[in-house]
Structures are given as structure tokens and as C-alpha cells.
J.: 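Mind looking over this structure? Questions follow.
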Amino acid sequence: MARMNSIPTETAALQTLRTVFGYEQFRPMQDEVVDQMINGGDALVLMPTGGGKSLCFQIPALVREGTAIVISPLIALMQDQVSALHQNGIKAAFLNSALTSQQAAEVEQQFFAGELDMLYVAPERLMMPRTLSMLEQCPIALFAIDEAHCVSQWGHDFRPEYIKLSILHERFPTVPRIALTATADEATRKEIIERLALDDAKIFNNGFDRPNIQYRISENSGNARDQLYRFIRNEHDGEAGIVYCLSRKRVDDTAAWLSRKGLRALPYHAGHNNDVRQQHQERFLREEGIIIVATIAFGMGIDKPDVRFVAHLNLPKSIEAYYQETGRAGRDGRPSNTWMSYGLQDVITLRQMQESSNANETFKRTERHKLDAMLGLCELTTCRRQALLRYFGDTLDEPCGNCDNCLTPPETWDATVAAQKALSCVHRTGQRFGVNYLIDVLRGSDADRIKQFTHDKISTYGIGKEHTAVEWRTLYRQLISHGLLSVDIDGHGGLRLTNESRPVLRGETQLHLRKMTKKHSAGKQRSKTPFGKAADSRFWDALRDKRKQLATEQGIAAYMIFHDATLMEMVDRRPQTLDQLGLISGIGAKKLEAYGKEFLSVIVEYESEASGDVNDSAAESIKLVCNGMKPLEIAHKRDLTLNTVYTHLANAIAQSEIELKDAVELDEKTLKLIRFEIEQSDDGKLKPVFDALAGEFDYGVLRCVKSDMTVGNN
Ligand code: ADP
Ligand code: ZN
């Protein structure tokens, strides 16, 4: 890469942004950080995931003299990061324990020859005397310390080697340093500055909001897995996502179950050997539409831009963890969903885990506060985003309009009387029974156990028949969440009153609680592709196929060729020449040269096909079916094959132009049967469905039913 020191710095930075990365403008704050680095200052950058932190050091790395050293704890991802840079024609390499000594020697040679723009190094490698003295022998453009929150001993990503990084300041006092993180609250921020000796660094704080992420938290009323499945099928069919579970067993079970239901789901947890983990992670990164089911061991530094959803089947133990995990969705800035289901058992388990831990009292108290905050977020009836940002010391003036509470405001009810009954039942039974028993007493069950304890004689026996057992469970969960009841640490789930419960019992405080949602509250349903017109989505598919082919040939991830956003702009703009193609965001000089022709030919081929009368022909079939004609009649009348007519209709259904019943006549029972078979089928193939139904239904009919399911009608 030619150095551009002769050009004034601002122009050099902007020029690099445009020619190398193919982006037209800096995002807010990026240009200021870049300036600071180019001018040799230090910087601490706090930017949400997907905010564009990488460019903050990559551009100065190219503009400044010498090699930029990037310190990252994520050894497993270095290869991918470096490959992505190569795609843009940037000379980058990495040094970590994954390299053979010969490979490492080659990298060192390149470094000594001044051939590298960027060198990624694992912190433990950097600290080796040999590496440090190597760095002293050549010009260094800057040090970038990625995932800087790893210096924090209180955080969940603590890396001991990170603390030693202050040595950089001592050994290389004139080299500018930039520390970057997405997860810094006030305390962590201070720790980063202190431990990395960044006292003179300029702080760039871009807030923490992720406006493209929708937050949804729902109650688990016993069928969380089914809810999850519906969520994925209805809103994210064929898209990449992460599902978090608390235990390894639940990870394995869930992944297997989702796979049986025809989704492409892979498990990931620390109990698998390295090869399996590596392989699953790689498939998730490289293939499209893979769902990874994981414990929290998965995800740090995963910079896959097109993760469309993050789901939690368990309650995370803090808002920090929740925000970090959900933050892995939508790095590319496109709409993404987060979904969580939690229930009474989650609350009890987490409380117990915490109380029975051997940690010291201070630590326990912190953890308790964190869990309280998380539970508070769950039971909240107002905007979740406002609460999340407030927690991180950030503000949002108006409710966001993009969380479940904003989209479908929950109802609340005056739960004071019910709470009094629930609490006094705890009191009357001696503060040692669990929820199920308490509910039995409240609802006047004639179970033997209750008689043995003579609890059928106490005043709270049978006073709660007006609510169902499910409603009582919800109420107990809320009382625990709000700290009105505590959970026994002996592991049997016995409940006790707390100081906070007294005012409620005495009738001094009123309780307004979230009403249980009857149906699962879904957000706005998105159709499978982001396009309104069927023609556009076929074009989109053609572009994605091309991208996949190119990526497979090189053994890299599809997004490294072009991001979805870049392909989408191609659909919108339909560039006809290489120059026009080069104007699209995300296409720099190197990629234009490498892939421009390939993509242009897809565009040209596609346009000639689409300019035929395919669309007009479909419109005619749709018009006839709307006039009440049957598919077979249309085929005869228009001299088309029945298959063609059904294709027209299936597409129209997928685009919600017509309804399923306009196209096929099936009674509810048959329809159910067909849907069931489609759900069982791998990868949505129709052959197994056709066979399972003994060939009774035409492929065209099956295709129509399937289209109807993709728009969420099942
Ligand atoms: P972070 O490291 O902060 O999570 P990244 O550096 O991975 O975020 O950037 C997120 C996405 O935004 C990437 O796909 C990147 O290419 C894109 N991006 C960054 N800066 C710009 C820009 N100025 N214009 C357009 N896209 C950008
Ligand atoms: Zn909101």
C-alpha cells in the first residue's frame, strides 16, 4: 500500500476510506478518532458493537508510517480478520500460537522488510521478550488494543495478560495507542484508563444505543422451545442467529430438537472438544443461515455482520451479559431481533446459585444487585431500551418504539390483594415451602401432603380460587423478582418473606404488576426477504448465489466478499458499468477489480431475463385466480403448464398479494397435515413431503402451502 504522507492528513484518511474500503463518508466520531491517531495522540473509543470501531485504527494504520500492531484476545478469529483485510488489498498478518514456527518466521520476515500494514498479535505473544524487541527494530504506526474491557478484573471477560499491556507505554512512549471497547460502563472505563496508562488519551464516547436491534422479553409459560421455534420460522427462516442456553445439556437438546424440526442448528459449548467447536464456529461464520445454540462460552469477538437474531432460553445473570450477548445481532446495522423467554424456575435457580456461592460478601452483594437489575428489566412495563441505556449511564429522551413494551404496551393490574394472599400463605405455612405447594394451598387442593401438615385448616387455604395455577406462578415469580420474597439456599426452593414484603402485607403499599400476556407477543412480522417485489428477491438470491460461489472457491466467509448491505444496494441501483458498481458502498478498488465483472454479469443476465414477460405473465395468472378461476383452468386457458401457474401463485402468496385459499382448496385438517410434513422436512425440501403424502398432492400445491407458511400463516 502506497503511503500518502505527502497529502494533508484529512484528505489522506478520506481517500483511504473511499478507495480501500469503498465507503463514502465517515460515521460520526470515526473521523475525529482517525485524526487523533494520525496526529499521534492516544484514544479511548467507546462505541457500540457494529458502530465501526475497526476503521478507527485501520485507516490510521494505512496512513501512518510503519506497521500497526493490533492486540486482540481472539486468537480463533485472527485468521478471519486478516482474510477480510486481504480482500481489501491490505497487507496484514497475525502472530499467535496457532502458527507453526516456520509460519511465524515468515511473518516476522515480512515485518522486518516493512511489508506489513497491520500485524495482529495475541497479548501473551506480544509480552514475550523476543516479540517486544522485534517491535523495537522497525517503525510502528500505532498500537490498537481491541476488546479493552478485558483488563477489568470485575468484568466477565478478564484476561490477566491484558494488565501487562501498560508496558507498551513504557517501552514505546512515542507510539500512539488506541483502546477500543463496546462494553464499558463508568467503572470499567476508569479501570481501562488506569491499567493501560491512558491518562492522556482523548475519550470518544458514542453512546451505547443499538437502534436497529429490537428487544423482546416474554414469559415462559411452559412452552419456551415451541415459542422459540415459531419465532425463528416466522421471522428468521433461513437466517443466521444465536440461541443462548444456561447448561450444556440444554444446548445439546435444543440444537438437536431444532435440527429435527428442519432448522440448521449446531451446538457449541466448552464440553465439546476443540475440533468440534472450531468446526461449528467456522460453519456459523462461513455458511449462511446457520443457527448456533450455545452457552455463554460462545460469541466474544464474533464479528459476523449478519447475525439476524439472538435468542435467550434462559435468563442472563446481569444486564451487562444480556446487552453483550444481544449485541452480537445486527452489526451491519440492519434490523435485527433479540428474543428472550424466562420463567419462575429461572428466577429461582439464579437466586439460589448466587446465595449459595462461596464468594465473599461484597462480591455477592454486587452480583445480587446485578441480578435484581436484570429481573427489573424483565418485569418492566415501560420502554426496555430506555431502561437499558439508563443502566449504562446513557439516556434516550423518548420511548424507542422498537421494543416489545413500546410495540404492544403490556397491561398492568392492581395485584395488591392477590399479593397479600400469596405472601400471607408463605407466612401461615411457616416460610419453608416452595411455589407449587403454596399454590395448592391457595387453590384449596385436597392433596394428602396438605392434610398431613394440617394446612387445610389455615386461613389461606382455598382463598385463591379466582386465579389459575399459572397466574399464581407468574405472581410468585414477580414477587421474587421484585424482592418481596427470597429463595431458601438449601436448594428446595422454599420461600421466605423479606423486609420489603411487610408494607404490602400491612396494606401500606399498592402493587401494580405486569399482566400475563395471553398470547406470545410477536413484534411486526418480517417477510423472509427484505424486498417487496418477487422479482427483486429473485435478483437478490442470484447475487447471493454468486457471492457464495466466490466465497467457497476461496474458503472464506460470504460476508468477506460483500456484505448484505452492499448486495442490497445493487438490487436498488442496478449498476450497469464497473464505474457505477464502484460507487456502491462497500466496494473498494481491490474488490471492484476482483469481483466487479462477475457481479455485473449477474446483473446483466438477470435484467435480460426479467425484461421478458415473466412478470406480466404472473400478473395475468393472479388476475384470473382472483376472478375465481381454478389453477387447472388457468393453465388450459393460457396454454401454460400447471406447474408454471402454481409458481406464479406461490410467489404471489409469498409476497402477500393473494391468500392461500385463493390458490388451493384444502380443508383445515388436510392443511394441517401438509404443514406438519413441511415442518419435518430438512432444508425445506419438498420431495420428502411429496413422498410422505404418497404423492397425493401436486408439488405446486405444496409450494403454495409452503409460501403461505413463510409469511407466517401457521
Ligand atoms: P465494531 O468493531 O464497532 O463492532 P465494525 O468495525 O465491525 O464494528 O463495523 C461494523 C460494520 O460497519 C462493518 O460492516 C463495517 O464495514 C461498517 N462500517 C464501518 N464504518 C463505516 C462507514 N464509515 N461507512 C459504511 N460502513 C461502515
Ligand atoms: Zn421501547
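The figures here come from the full heavy-atom set of this structure, side chains too, leaving out hydrogens, waters and symmetry mates. Remember, it's 1-based here, ligands and their atoms both numbered in the order they're listed.
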J.: Check the orientation of F599 and Y595. Use parallel for under 30°, tilted for 30 to 60°, and perpendicular for over 60°.
T.: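 If you compare the ring of F599 with that of Y595, the planes turn out perpendicular.
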
J.: Check the orientation of Y323 and F392. Use parallel for under 30°, tilted for 30 to 60°, and perpendicular for over 60°.
T.: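 If you compare the ring of Y323 with that of F392, the planes turn out tilted.
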
J.: Identify the heavy atoms of Y268 and R277 that sit nearest to each other, and give their distance.
T.: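 Looks like CE1-O, 3.4 Å.
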
J.: Take atom CD in E398; do more than 12 heavy atoms of anything else shown fall under 6.0 Å from it?
T.: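 No, not enclosed.
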
J.: Hey, are R286 and D80 close enough for a salt bridge, meaning a charged N less than 4.0 Å from a carboxylate O?
T.: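 The answer is yes: the pair qualifies as a salt bridge.
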
J.: For a quick test of reading the model, state the closest non-hydrogen atom pair linking M570 to F539 and the distance between them.
T.: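 Where M570 meets F539 most closely, the heavy atoms are O-CE2, 3.9 Å.
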
J.: For Y342 and R477, does a side-chain donor sit closer than 3.5 Å to a side-chain acceptor?
T.: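 Yes, side-chain donor-acceptor contact under 3.5 Å.
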
J.: Can you check whether F298 and Y244 have ring centres sitting under 6.0 Å from each other?
T.: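 Centroid distance F298-Y244: not below 6.0 Å, so no.
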
J.: Listing by chain and number, which protein N, O or S atoms are under 2.8 Å from the Zn ion (ligand 2)?
T.: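 Correct list: C383 SG, C400 SG, C403 SG, C406 SG.
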
J.: Determine whether the side chains of Y391 and E320 contain a donor N or O and an acceptor N or O closer than 3.5 Å.
T.: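 Result is yes, a qualifying pair exists.
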
J.: Which pairs of N or O atoms, one from ligand 1 and one from the protein, are separated by less than 3.5 Å, and what is the distance for each pair?
T.:
residue: ligand 1; atom: 2 (O); partner: R331; partner atom: NH2; Å: 3.4
residue: ligand 1; atom: 3 (O); partner: G51; partner atom: N; Å: 3.4
residue: ligand 1; atom: 3 (O); partner: G52; partner atom: N; Å: 3.1
residue: ligand 1; atom: 3 (O); partner: K53; partner atom: N; Å: 2.9
residue: ligand 1; atom: 3 (O); partner: K53; partner atom: NZ; Å: 2.8
residue: ligand 1; atom: 4 (O); partner: G50; partner atom: N; Å: 2.6
residue: ligand 1; atom: 4 (O); partner: R331; partner atom: NH2; Å: 2.6
residue: ligand 1; atom: 6 (O); partner: K53; partner atom: N; Å: 3.3
residue: ligand 1; atom: 6 (O); partner: S54; partner atom: N; Å: 3.0
residue: ligand 1; atom: 6 (O); partner: S54; partner atom: OG; Å: 2.6
residue: ligand 1; atom: 8 (O); partner: G52; partner atom: N; Å: 3.2
residue: ligand 1; atom: 12 (O); partner: R27; partner atom: NH1; Å: 3.2
residue: ligand 1; atom: 12 (O); partner: R27; partner atom: NH2; Å: 3.1
residue: ligand 1; atom: 14 (O); partner: H563; partner atom: ND1; Å: 3.1
residue: ligand 1; atom: 16 (O); partner: Y23; partner atom: OH; Å: 2.5
residue: ligand 1; atom: 18 (N); partner: R27; partner atom: NH2; Å: 3.4
residue: ligand 1; atom: 20 (N); partner: Q30; partner atom: NE2; Å: 2.9
residue: ligand 1; atom: 23 (N); partner: Q25; partner atom: O; Å: 2.8
residue: ligand 1; atom: 23 (N); partner: Q30; partner atom: OE1; Å: 3.0
residue: ligand 1; atom: 26 (N); partner: R27; partner atom: NH2; Å: 3.3

